[in-house]
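To keep things clear, I will list the structure first and then write my remarks on it.
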Amino acid sequence: MKFSELGLSQDILDAIAEHGYVEATPIQEKTIPLTLAGRDVIGQAQTGTGKTAAFGLPILEHIDLDNPNIQAVVISPTRELAIQTADELKKLGHDKHVNVQVVFGGSDIRRQIQGLKSHPQILVGTPGRLLDHIKRHTAKLGHVKTLVLDEADEMLNMGFLDDIEAIIAEVPDQRQTLLFSATMPPAIKRIGVQFMTNPEHIQIEAKELTTDLVEQFFVRVRPQEKFDALTRILDVQGPKLGIVFGRTKRRVEELGRGLEARGYKAAGLHGDLTQQMRSRVLDQFKSHEINILVATDVAARGLDVKDVTHVYNYDIPQDPESYVHRIGRTGRAGATGTSVTFVLPNEMDYLRAIEELTKKRMTPLQPATLAEARMGRIKNALGSIKPLIEKAPIDDMGDEVSKLVSQYTPEQLAAGLLAQVAGLDQQNAPVEISRERPLPRRKGGHRNGGGGYRGNGRRGGGGYRGNNRNGGGYRGNGRRGDRDRRGNGERRGNGDRRSNGDHSNHRSGGSSRREFTVRNKD
DNA sequence: AAAAAAC
């Protein structure tokens, strides 16, 4: 159906056309007429099918420019999503001259207060900062006509619910309430309807919860193989843009550093970073300055980055809903994508539970072989080799070039160039996956507790070193066990110092870029 | 149980 058939006014239709939209998606087609008519709506549809415009267009339609009050509030679970949603509403409301403001934590509140003084008709925000503005009386919600919970099941979850209730207490009882998400567990829906009046639940009948546009794989790995398995798959698949999801902020931090140390253009994104850093990393990803974004579930929901080709669940998501949202970062707006979920042997049952929710089987994928990883690197390198050759400053190279030409065959020269560009003769070349690799210890670190380094797969843990070619240096792990059994504090200290010293020296002497570890201790 | 979200 065309947008022009949905009862929207010309200003809005013009903005839609400028935005490049022509046909309404099913969720837009079904919910826009209801929302325009003032009904409360629960809108549920697959990720990447235009839910923001689905609630945004009727809101913009209803905005009264002569009314100086905030008329609509949209609440988002993350700052990045709030920014993105506000940006989209600004674009769609541009022709109508609608004033949209956004408020979220971690950024200068004075500037937000200035923005709020400009009489926005629409306010988008994250819960904490929104409440802050309410308490400061810098945001007055007494005239709100429409309240939207974006990613509604997340907003109604414990952890957010108190804030949401506090915000709802500030908006009029007589209002329109809209809940939008790709997932809506029944228990959460029951909480949501308590805040609604005679809601209509529009659920787009898709056979599966996830889109067919995403090809879904899983890889069975042991904890100590995870990191190398990831790098090999990255080498083979050569994602244009890929998101790697980790379970905790710490793991994301270390995995990001680890990939970077191995030569990937990667960076971590998680809630312990400053907002400035969060924005910077996301911008780098959007501009392809980096092509691997390593993230916690802060990036699981709603983020709409063009050209995300791959999603990697380095750690299997905490709940099946999270899986749906994570892989929904790819395969958006008609594009195709690939997802790979890493599954530990004891997580196989849980994988099946995810498949029950998505109603879709994942395809088993063998971890790539060393040869495949090398070949993948070479193929990826081919893409960047042409400009390298054509832009080579041959005139500045004296007779060195002709010397090489007389010395080597064209095949040898090309192979050398390819190996260099592919990084195959570098320290970050693909390596044999070590099944015997002991888990690393924190550099110069002390251990708290003791607990087995091995066999706590339940924590999903395992430490990962990029390499252990000459694994001899790691006999210390076994020693540690002995030491602990002795329970001798003095010797323990001594042993720590010795083994850490050994390892750092060893590593920095050899392959310093492999120094990172991914710990399993939280 | 983790992450997110205010200072």
Side-chain angles (χ1 to χ4, degrees), chain A residues 73-86 102-113 116 123-139 149-168 170 181 183 188 243-256 268-279 281-282 293-303 313-326 329 344 346-347 350 353-354 451 456-461 518-522:
Chain A
V73 172
V74 181
I75 314 178
S76 299
T78 67
R79 298 167 182 176
E80 286 74 15
L81 188 53
I83 295 168
Q84 175 186 298
T85 302
V102 58
V103 297
F104 52 87
S107 85
D108 185 11
I109 198 163
R110 283 164 303 179
R111 212 168 347 150
Q112 289 175 6
I113 292 171
L116 288 164
L123 182 58
V124 184
T126 48
R129 183 55 70 87
L130 202 49
L131 279 170
D132 196 350
H133 282 292
I134 290 169
K135 283 180 194 141
R136 291 165 184 256
H137 303 288
T138 46
L149 302 189
D150 196 10
E151 303 297 339
D153 54 334
E154 176 74 355
M155 304 312 301
L156 294 167
N157 234 323
M158 286 181 344
F160 274 126
L161 188 56
D162 286 352
D163 283 354
I164 297 304
E165 285 178 337
I167 293 167
I168 288 178
E170 300 294 325
S181 181
T183 52
I188 301 286
I243 306 180
V244 181
F245 284 102
R247 195 176 96 265
T248 64
K249 291 181 273 202
R250 170 177 275 178
R251 272 172 76 77
V252 162
E253 184 68 30
E254 292 171 350
L255 186 52
L269 178 70
H270 59 76
D272 272 357
L273 300 179
T274 63
Q275 188 52 41
Q276 194 184 12
M277 195 58 188
R278 283 168 66 160
S279 300
V281 169
L282 194 57
L293 180 69
V294 187
T296 59
D297 275 336
V298 69
R301 283 177 178 257
L303 281 196
N313 291 309
Y314 188 73
D315 297 314
I316 201 162
Q318 300 288 331
D319 47 75
E321 284 77 23
S322 169
Y323 176 85
V324 171
H325 291 280
R326 283 181 178 187
R329 294 319 96 214
L344 302 181
N346 63 351
E347 293 170 339
Y350 181 51
I354 293 175
N456 64 347
R458 186 62 228 163
R459 308 263 313 266
V518 177
R519 290 188 299 274
N520 63 344
K521 292 192 180 291
D522 295 323

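Taking atom CG of residue Asp315(A) and atom C1' of nucleotide dA3(B), one finds them 13 Å apart after rounding to whole Å. Between the CG atom of Asp163(A) and the P atom of dA3(B) there is a distance of 18 Å, rounded to whole Å. In this entry the distance linking CG of Asn157(A) with P of dA5(B) reads 15 Å, nearest Å. Taking atom OH of Tyr314(A) as the reference point, atom C1' of dA3(B) lies 19 Å away to the nearest angstrom. For the pair Leu255(A) CG and dA2(B) P, the interatomic distance rounds to 18 Å; values are reported in whole Å. Taking atom CD on Gln275(A) and atom C1' on dA6(B), their separation rounds to 13 Å, with Å as the unit. If you measure from atom CD1 of Ile134(A) to atom C1' of dA5(B), you get 14 Å, rounded to the nearest angstrom. To the nearest angstrom, P of dA4(B) lies 7 Å from CG of Asp272(A).
In terms of heavy-atom proximity, Ala295(A) sits nearest to Ile243(A) at CB-CG2, 4.5 Å.
Contact check, Lys135(A) against dA6(B): no side-chain N or O comes under 4.0 Å of OP1 or OP2. For dA3(B), the OP1/OP2 oxygens have no side-chain nitrogen or oxygen of Arg247(A) closer than 4.0 Å. Using a 4.0 Å cut-off, some side-chain N or O of Thr296(A) falls inside it from OP1 or OP2 of dA4(B). Using a 4.0 Å cut-off, no side-chain N or O of Arg251(A) falls inside it from OP1 or OP2 of dA2(B). Phosphate contact (OP1/OP2 of dA3(B), side-chain N/O of Ser322(A), threshold under 4.0 Å): absent.
Using a 4.0 Å heavy-atom distance criterion, Gly159(A) is classed as a base contact. Arg278(A) comes within 4.0 angstrom of the backbone, heavy atoms only, and of no base.
How far CG of Asn157(A) is from CD of Glu151(A): 12.0 Å, rounded to the nearest 0.5 Å.
Between His270(A) and the choices Lys249(A), Arg278(A), Glu253(A), the side chain to side chain donor-acceptor pair (under 3.5 Å) rule is met once, by Glu253(A).
Counting only heavy atoms from C-beta on, Val298(A) has its side chain closest to dA4(B) among dA6(B), dA4(B), dA1(B). With dA3(B), dA6(B), dA1(B) as the choices, the nucleotide that has an atom nearest any side-chain atom of Gln318(A) turns out to be dA1(B).
Evaluation of the salt bridge (charged side-chain N to carboxylate O under 4.0 Å, His left out) rule for Arg326(A) yields Asp297(A) as partners, not counting sequence neighbours.
Between Thr296(A) and Thr248(A), the closest side-chain pair of non-hydrogen atoms is not below 4.5 Å.
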